[in-house]
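First up is the structure itself, then whatever we jot down about it.
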There are 2 protein chains.
Amino acid sequence: MTVTLADVAARARVSPATVSRVLNGNYPVAAATRERVLRAVDELDYVLNGPASSLAAATSDLVGILVNDIADPFFGIMAGAAQTEIGGQEGTGRAGGEKLAVVCNTGGSPERELTYLTLLQRQRAAAVILTGGALEDPAHIAAMTAKLAKLADAGTRVVLCGRPPLQGSDAIVAALAFDNRGGGRRLTDHLLTLGHRRIGYVAGPVERTTTRDRLEGHRAALRDAGLDGASEELTVHGSYSRRSGYEATLELLRRAPDLTAVVAANDTVALGACAAVRDQGLRIPADISVAGFDDLPFSVDATPALTTVRLPLFEAGARAGRLAMGTESPPPGGIATIPAELMARASTAPPRTG
Amino acid sequence: MTVTLADVAARARVSPATVSRVLNGNYPVAAATRERVLRAVDELDYVLNGPASSLAAATSDLVGILVNDIADPFFGIMAGAAQTEIGGQEGTGRAGGEKLAVVCNTGGSPERELTYLTLLQRQRAAAVILTGGALEDPAHIAAMTAKLAKLADAGTRVVLCGRPPLQGSDAIVAALAFDNRGGGRRLTDHLLTLGHRRIGYVAGPVERTTTRDRLEGHRAALRDAGLDGASEELTVHGSYSRRSGYEATLELLRRAPDLTAVVAANDTVALGACAAVRDQGLRIPADISVAGFDDLPFSVDATPALTTVRLPLFEAGARAGRLAMGTESPPPGGIATIPAELMARASTAPPRTG
DNA sequence: CTGTTAGCGCCTTCAT
DNA sequence: ATGAAGGCGCTAACAG
């Protein structure tokens with residue numbers, strides 16, 4: 001039926017242990033023997049039994065990458081980059097000693113996030129990468145901290161990518177945090193410099209680290225310009241979706257018809273904001289400036305090209321992948337802040353005068 | 001150290017076998033006993049050892065979803081929908097009996113596709129879903145057919161989503177194929193009806209089923225209109241990327257300055273085409289009509305809104321997920337063709353006269 | 001460098 | 001409805 005290691009051993013006239021050794025390559029084996037074993041493997045078309053191997057070795061070659069929304073390129077880019085670093089050695093066809101990088105879609109649900117972590121713990125995953133903003137609910141943070149500690153105890157390497165480190169948790173190999181606050185600040189500074197004074201803000205879902213950090217940056221910029229008075233009124237929360245951006249912008253325009261600029265939580269939301277502005281018969285940027293965040297590939301193609309904040313998603317994902325593999329050493333203190341760069345484009349301009 | 005089933009059994013004062021039975025739920029257990037066991041599980045914070053379980057049961061709860069490009073929403077939407085159906089029962093926290101739906105990014109590389117399949121075979125995956133267009137290279141087809149047969153032999157359910165069935169392979173549970181040909185045809189018919197006669201085509205990568213089918217539909221429409229003469233010259237192949245669409249369109253415009261419309265392989269490519277058209281100082285659709293394919297969420301937000309062909313990606317992905325789980329019965333013959341619907345929007349209009 | 005010997009933790013007949 | 005026992009296929013000491 002299904003061919004086992006013992007079959008290969010018999011065919012190659014060696015012991016099972018030897019076959020195991022050449023397959024795992026972590027042990028000296030005579031070249032001639034190795035050759036014989038590999039031939040037997042090919043002839044028999046042998047495929048290692050992963051569960052058996054993992055059971056015996058008490059570790060598996062699974063690496064989990066958790067994302068909030070797999071249909072959002074923000075996550076796709078990071079996850080793809082990480083996978084490239086992890087499973088990237090261009091299969092020999094025999095698939096020896098390779099890690100299986102898999103992405104798990106939580107849909108932003110905290111329960112599903114924990115469930116996936118449990119499932120990966122069950123599989124004795126070699127590593128786990130958590131991407132994107134985290135929920136700030138205390139109960140969930142506590143549950144996550146406990147779960148990650150357990151994973152780390154069991155030997156799973158935990159890496160955070162685009163998410164701030166957990167307080168006082170030593171379970172984590174490394175955390176790569178985006179400078180969302182700084183980026184948000186620079187974006188609003190840009191608008192202020194252009195002369196805007198009435199700036200609407202379409203924020204992301206409440207209780208998310210990304211939402212809070214970007215909003216904080218925005219408010220810090222306003223405060224320093226002596227404009228924080230109206231910022232509550234000019235902020236609307238929504239989800240990270242185009243539709244949400246559309247509706248929030250309509251609401252903003254209703255609340256404050258004198259608005260001259262709208263800052264969106266991310267590029268997708270900004271697209272919705274643009275549509276709303278246009279549907280109100282207003283021009284971008286002549287009547288209203290619009291800005292996004294992330295600099296996803298489509299942003300430069302929007303008309304007008306979207307002013308936004310560039311996050312090096314691919315680079316960060318790749319680095320997270322290497323960190324998870326142990327290929328790269330963690331930054332000092334296990335924490336690195338990834339810079340965010342302002343991309344001033346055509347969707348922002350000085351406000352109309354008068 | 002790590003708590004095992006035996007520990008739970010001891011705590012609950014039952015045999016390991018009983019614990020196994022309540023955890024798997026496939027066997028009658030007295031309510032009182034079950035209660036006691038579950039309490040012990042919670043108290044000990046027990047997590048099943050997946051590898052051990054899979055080894056003993058000769059099957060795992062892993063379900064693999066292969067995608068060509070995880071950063072492309074085309075795949076993200078299908079994969080997300082499939083995952084929802086598979087891992088969707090909103091975790092009880094204890095994560096009992098749940099499948100682990102994971103997505104694997106092949107990056108469009110045939111080697112990596114096979115490698116992932118081997119890795120999943122090694123894990124004794126419960127099911128595998130292959131999404132998106134397939135490579136038409138005979139050697140790769142043969143290798144895939146063989147590999148899928150082996151997976152099926154080992155009890156893995158194989159489902160195709162957005163990909164035509166393999167010739168004479170009975171390894172597959174079901175194949176959901178998009179009507180790319182029909183969609184391509186209707187799109188070009190739409191342009192012909194508007195009055196276009198010189199239509200450029202930015203095709204996808206050669207040797208991909210999606211590329212060929214869409215192109216065939218396009219050419220069939222031209223042929224029926226008696227216009228197939230120039231179609232070779234007016235076709236440029238590229239990858240499924242914005243950049244590729246941009247460059248191919250420039251090339252097309254160079255070759256045939258009298259073009260009045262450009263059809264792109266998909267929406268992402270169409271965005272690049274729009275940018276190229278604009279950079280040449282031409283207006284859409286006044287000077288040149290542009291159309292895409294897939295109807296990804298951003299298409300409606302393009303300016304002008306993109307005429308395209310709608311594929312029910314979410315519905316198809318969800319159905320594939322149910323098929324993989326055995327929750328839904330396969331279509332007659334194991335094959336279903338998913339219809340593609342023309343979405344005529346503002347990026348196409350009659351050609352300028354004279 | 002290679003063979004032998006024990007398990008890894010769970011599921012699954014087979015009894016009871 | 002529950003317990004006892006064997007083995008799933010592989011790896012990891014330990015010898016040699």
Side-chain angles (χ1 to χ4, degrees), chain A residues 1-38 40-41 44-62 95-97 121-126 154-155, chain B residues 1-38 40-41 44-62 95-97 119 121-124 126 154-155:
Chain A
M1 264 285 307
T2 157
V3 25
T4 76
L5 208 168
D7 298 332
V8 176
R11 192 101 156 72
R13 311 188 139 281
V14 295
S15 75
T18 300
V19 177
S20 172
R21 292 196 264 251
V22 344
L23 255 27
N24 291 318
N26 320 320
Y27 225 78
V29 174
T33 317
R34 150 184 281 99
E35 206 44 59
R36 207 143 34 90
V37 169
L38 288 180
V41 166
L44 264 36
D45 206 15
Y46 169 69
V47 174
L48 183 70
N49 183 317
S53 170
S54 298
L55 174 57
T59 168
S60 85
D61 52 5
L62 242 202
Q121 177 184 9
R122 184 191 278 190
Q123 300 294 333
R124 304 300 188 253
Chain B
M1 265 286 309
T2 157
V3 25
T4 75
L5 208 168
D7 299 332
V8 176
R11 192 99 156 74
R13 311 190 139 279
V14 295
S15 75
T18 301
V19 177
S20 171
R21 292 197 264 251
V22 344
L23 256 26
N24 292 317
N26 321 320
Y27 223 79
V29 174
T33 316
R34 150 184 280 100
E35 207 43 59
R36 208 143 33 91
V37 169
L38 288 181
V41 166
L44 263 37
D45 206 15
Y46 169 70
V47 174
L48 184 70
N49 183 316
S53 169
S54 297
L55 173 57
T59 169
S60 85
D61 52 4
L62 241 201
L119 253 15
Q121 177 184 8
R122 186 191 277 188
Q123 300 295 333
R124 305 300 188 252

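Everything numeric in this text was worked out from a predicted model, so none of it was measured. All values below come from the heavy atoms of this structure, side chains included, with hydrogens, waters and symmetry mates left out. Quick note on labels: first sequence line is chain A, next is B, and so on, each numbered from 1.
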Sugar-phosphate means primed atoms, P, OP1 and OP2; the rest is base. With that split, encode nucleotides 6-14 of chain C 5' to 3' as B, S or - using protein heavy atoms under 4.0 Å. -BBBBSB--

Validation: residues 7-15 of chain A side-chain donor-acceptor distances under 3.5 Å, sequence neighbours left out:
{"from": "A/Asp7", "atom 1": "OD2", "to": "A/Thr4", "atom 2": "N", "distance (Å)": "2.8"}
{"from": "A/Arg11", "atom 1": "NH1", "to": "A/Glu43", "atom 2": "OE1", "distance (Å)": "3.4"}
{"from": "A/Arg11", "atom 1": "NH2", "to": "A/Glu43", "atom 2": "OE1", "distance (Å)": "3.0"}
{"from": "A/Ser15", "atom 1": "OG", "to": "A/Ala17", "atom 2": "N", "distance (Å)": "3.4"}
{"from": "A/Ser15", "atom 1": "OG", "to": "A/Thr18", "atom 2": "N", "distance (Å)": "3.4"}
{"from": "A/Ser15", "atom 1": "OG", "to": "A/Thr18", "atom 2": "OG1", "distance (Å)": "3.2"}

Please tabulate, for the side chains in residues 26-34 of chain B, all donor-acceptor contacts under 3.5 angstrom to protein atoms that are two or more places apart in sequence or on a different chain.
{"from": "B/Asn26", "atom 1": "ND2", "to": "B/Asn24", "atom 2": "O", "distance (Å)": "3.4"}
{"from": "B/Arg34", "atom 1": "NH1", "to": "B/Val29", "atom 2": "O", "distance (Å)": "3.4"}

Using the test side-chain contact (heavy atoms from CB on, under 4.5 Å), find all partners of B/Ala52 that sit at least two apart in sequence or belong to another chain. A/Leu55, B/Asn49

Only counting residues at least two apart or in another chain, list the ones meeting side-chain contact (heavy atoms from CB on, under 4.5 Å) with B/Ser53. B/Leu48

Between P on D/dT11 and CG on A/Asp61, what's the gap in Å once rounded to a whole number? 11 Å

What is the distance from CG of A/Leu44 to C1' of D/dG9, rounded to the nearest Å? 15 Å

Does B/Thr33 place a side-chain N or O at less than 4.0 Å from the phosphate oxygens OP1/OP2 of D/dT2? yes

Ignoring backbone atoms, test whether A/Thr18 places a side-chain nitrogen or oxygen under 4.0 Å from the OP1 or OP2 oxygen of C/dC1. no

Not counting sequence neighbours, list each pair that qualifies as a salt bridge (charged side-chain N to carboxylate O under 4.0 Å, His left out) and has a residue in residues 44-60 of chain A. A/Asp45-B/Lys150

For B/Val47 versus A/Arg124, what's the shortest heavy-atom pair and its separation? O-NH2, 4.1 Å

